[in-house]
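Worksheet: the structure to be examined is printed underneath.
Everything numeric here is computed off the predicted structure, so don't read it as measured data.
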Amino acid sequence: MRAQALVAVAFAAALSLVGCSSGAPAATSPAATAATSAPAGGAGGEVGVFTWWADGSEKVGLQALETLFKEKYPNNTFVNLAVAGGAGTNAKAKLAADLVNGNPPDSFQGHAGAELQDYIRADQIVAVNEVIDGLGGSSVFPQSLLDLLTVQGSIYSVPSNIHRANVVWTNPEVLKKASITAEPADIDAWLADMAKLKAAGVSTPLTIGGTWTQVQLFETVLIADLGVDGYIALFKEGADWGSDGVKKAVAHYAKLLGYANTASDGDDWPGAIDAVINGKAAYNVMGDWAVAEFAAKNKKDGVDYMYFPVPGTDGVFDFLADSFTLPKGAKNAAGSKDWLNLIGSAEGQKAFNLAKGSIPARTDVPATDFPPYQQSAMEAFKSDKIAPSIAHGAAVSQAWNSDISTAISKFYASKDQATLVADLVAAGTKNLA
Ligand code: BGC
């Protein structure tokens with residue numbers, strides 16, 4: 001009990017930085033926005049759902065929801081509007097254009113936290129309090145998570161899942177080549193293991209993909225070197241992106257890249273994890289959507305692959321959550337609410353998260369229904385300190401994420417550490433103004 005209370009406090013505190021409500025449109029009365037008197041079987045009509053779960057294991061996750069949606073709401077026609085590209089790199093640009101052009105989907109995927117606040121501030125989504133209340137409200141969703149979806153008392157999306165970003169996935173057969181048997185305690189120990197792997201003939205100790213995967217790797221190194229509190233301070237007024245801690249993280253990050261494959265910006269995450277699966281590389285830092293990729297390739301937990309928190313981040317859960325919205329001007333708002341009710345239900349969350357590698361946002365889905373990885377993530381989510389992800393919209397707005405991504409992409413080419421620090425400082429100053 002005591003531990004849980006502490007966690008709740010830590011989680012709320014960690015994420016309070018993204019709960020800022022300044023500049024948001026005046027809250028619409030929740031009661032006025034989310035009447036849910038849909039007929040059994042669904043409101044009818046097409047329900048266009050926009051995600052970036054277009055391929056591979058992510059598509060399988062979406063299909064689990066689609067199947068259940070068709071079963072529960074046979075009156076509706078599910079229209080899959082997915083746009084391919086990990087972390088929504090392509091999807092978000094298309095979505096932004098559709099929203100600006102008054103052509104919203106009936107529901108779209110948005111990350112809990114700062115990213116969702118972007119859509120709220122732009123007045124592009126409407127409140128769904130009644131849907132959340134009907135699903136059980138804070139008795140089934142962590143209040144701290146609901147806080148990330150709330151502005152001035154209005155809740156703007158329904159969370160479908162929680163992912164962890166600071167996970168190293170590894171292939172034990174490859175580690176054997178360098179007789180590595182223990183998890184490294186910190187980034188320096190991890191770099192030493194990579195040197196051993198290189199010496200043992202493993203040409204790619206670490207894999208990376210395009211820019212967003214590099215941003216994600218970098219954020220985990222920031223957490224390792226600054227600690228969770230120092231990391232969280234980076235997103236608050238008075239943040240010091242030019243500190244010795246950030247410089248140390250940049251230096252560590254540069255060394256890690258020295259052990260990685262050459263990536264181009266279009267390289268998506270499945271390629272990076274597949275190199276580990278195929279025994280071509282030792283490590284990949286990836287969100288736990290990776291576990292679905294291992295499952296898709298029939299790989300066994302503890303036999304074919306292993307995982308541990310990024311060294312130096314043990315006890316920290318680098319957090320992100322997908323959630324679904326009701327866009328302003330959606331053509332089928334009633335059908336959209338059917339979708340929201342489905343993804344927010346215990347049954348929907350079980351079906352989806354089993355396929356996706358994430359854990360349910362709801363707290364009433366039994367852990368025993370899940371395989372060992374997700375059980376361990378559920379435990380970690382309860383007991384760890386929570387850090388919001390940069391790359392996946394929890395910590396920073398889309399504009400800030402884009403500035404950090406530009407800096408990281410530039411660094412990939414230049415390897416100029418001082419310039420990266422200067423660019424991060426400039427991005428912080430600009431976006432905290
Ligand atoms: C999403 C995940 C997705 C991952 C890779 C993240 O931003 O939250 O659901 O699996 O990107 O595409």
Side-chain angles (χ1 to χ4, degrees), residues 86 165-226 245-287 290 293-294 304-314 318 390-391 404-405 407-421:
N166 59 324
V167 189
V168 178
W169 305 92
T170 186
N171 183 325
E173 280 305 309
V174 179
L175 295 188
K176 255 193 213 160
K177 293 183 187 166
S179 307
I180 295 168
T181 50
E183 288 171 23
D186 54 24
I187 302 278
D188 286 321
W190 195 27
L191 286 164
D193 283 349
M194 292 192 199
K196 281 189 211 156
L197 285 157
K198 266 259 157 158
V202 177
S203 56
T204 311
L206 177 70
T207 58
I208 53 169
T211 302
W212 72 263
T213 72
Q214 297 163 31
V215 173
Q216 185 180 324
L217 172 62
F218 179 60
E219 83 188 28
T220 66
V221 180
L222 282 173
I223 298 170
D225 283 338
L226 295 173
V246 172
K247 286 179 186 151
K248 182 178 171 190
V250 166
H252 270 150
Y253 175 63
K255 285 188 183 156
L256 287 169
L257 288 186
Y259 288 105
N261 57 300
T262 305
S264 55
D265 196 33
D267 291 350
D268 213 342
W269 70 268
I273 201 75
D274 286 351
V276 174
I277 294 177
N278 300 335
K280 297 207 166 77
Y283 306 113
N284 176 235
V285 172
M286 190 46 61
E293 181 75 4
F294 283 106
D304 303 311
Y305 68 97
M306 288 161 53
Y307 41 84
F308 52 86
V310 169
T313 72
D314 199 10
D318 183 9
I390 296 174
I404 293 174
S405 300
I408 286 288
S409 163
K410 210 167 113 186
F411 179 73
Y412 187 70
S414 74
K415 304 292 185 300
D416 180 340
Q417 295 184 27
T419 302
L420 175 54
V421 173

Interatomic spacing from CZ in Phe294 to CE in Met306 - rounded to 0.5 Å: 11.0 Å
Value rounded to 0.5 Å, distance of CD1 in Ile408 from CG in Leu217: 8.5 Å
Pairs flagged by side chain to side chain donor-acceptor pair (under 3.5 Å) wherever residues 265-277 is involved - sequence neighbours left out: Glu58-Trp269, Thr211-Asp265, Ser264-Asp267, Asp274-Lys297
Check against side chain to side chain contact (heavy atoms under 4.5 Å, CB included), Leu420 and Asp416: CA-CA 6 Å; Leu420 175 54; Asp416 180 340; over 6 Å; no
side-chain hydrogen bond (donor to acceptor under 3.5 Å, both in side chains) partners of Gln216, counting only residues at least two apart: His392
Contacts of type side-chain hydrogen bond (donor to acceptor under 3.5 Å, both in side chains), residue Asp318, not counting sequence neighbours: none
List, one per line, each side-chain donor-acceptor pair under 3.5 Å for residues 198-210, sequence neighbours excluded.
unit_1: Lys198; atom_1: NZ; unit_2: Ser203; atom_2: O; d: 3.3
unit_1: Thr207; atom_1: OG1; unit_2: Ala272; atom_2: O; d: 2.8
unit_1: Thr207; atom_1: OG1; unit_2: Tyr283; atom_2: O; d: 3.4
unit_1: Thr207; atom_1: OG1; unit_2: Asn284; atom_2: ND2; d: 3.1

What donor-acceptor contacts under 3.5 angstrom involve side-chain atoms of residues 169-176, with partners at least two apart or in another chain?
unit_1: Trp169; atom_1: NE1; unit_2: Met286; atom_2: O; d: 2.9
unit_1: Thr170; atom_1: OG1; unit_2: Ala282; atom_2: O; d: 2.9
unit_1: Asn171; atom_1: OD1; unit_2: Glu173; atom_2: N; d: 3.0
unit_1: Asn171; atom_1: ND2; unit_2: Val276; atom_2: O; d: 2.8
unit_1: Glu173; atom_1: OE2; unit_2: Lys176; atom_2: NZ; d: 3.1

Exercise: identify the closest heavy-atom pair between [X] and [Y]:
X      : Y      : result
Glu219 : Ala165 : OE2-CB, 4.0 Å
Ile273 : Ala290 : CD1-CB, 3.9 Å
Gly86  : Trp212 : O-NE1, 3.2 Å

Using residues 178-188 as the side-chain source, report each donor-acceptor pair under 3.5 Å to any protein atom, sequence neighbours left out, with the distance given to one decimal.
unit_1: Asp186; atom_1: OD1; unit_2: Asp188; atom_2: N; d: 3.3
unit_1: Asp186; atom_1: OD1; unit_2: Ala189; atom_2: N; d: 2.9
unit_1: Asp188; atom_1: OD1; unit_2: His252; atom_2: NE2; d: 2.9

Stacked cation flag Lys255 on Tyr259, 6.0 angstrom / 45 deg: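 Checked: cation-pi criterion not met.
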Polar side-chain atom of Tyr412 near backbone of Ala263 as donor-acceptor pair, under 3.5 Å: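 Answer holds: yes.
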Exam field: side chain Glu293 to backbone Pro270, donor-acceptor pair closer than 3.5 Å: no
Check against side chain to side chain contact (heavy atoms under 4.5 Å, CB included), Val215 and Ile404: CA-CA 8 Å; Val215 173; Ile404 293 174; 4.3 Å; yes
Close side-chain approach of Val246 and Leu226, heavy atoms under 4.5 Å: yes
Derivation of the side chain to side chain contact (heavy atoms under 4.5 Å, CB included) call for Ile390 and Leu222: CA-CA 11 Å; Ile390 296 174; Leu222 282 173; 4.2 Å; yes
Gln417/Phe411 under side chain to side chain contact (heavy atoms under 4.5 Å, CB included): CA gap, chis, key distance, verdict: CA-CA 7 Å; Gln417 295 184 27; Phe411 179 73; 3.9 Å; yes
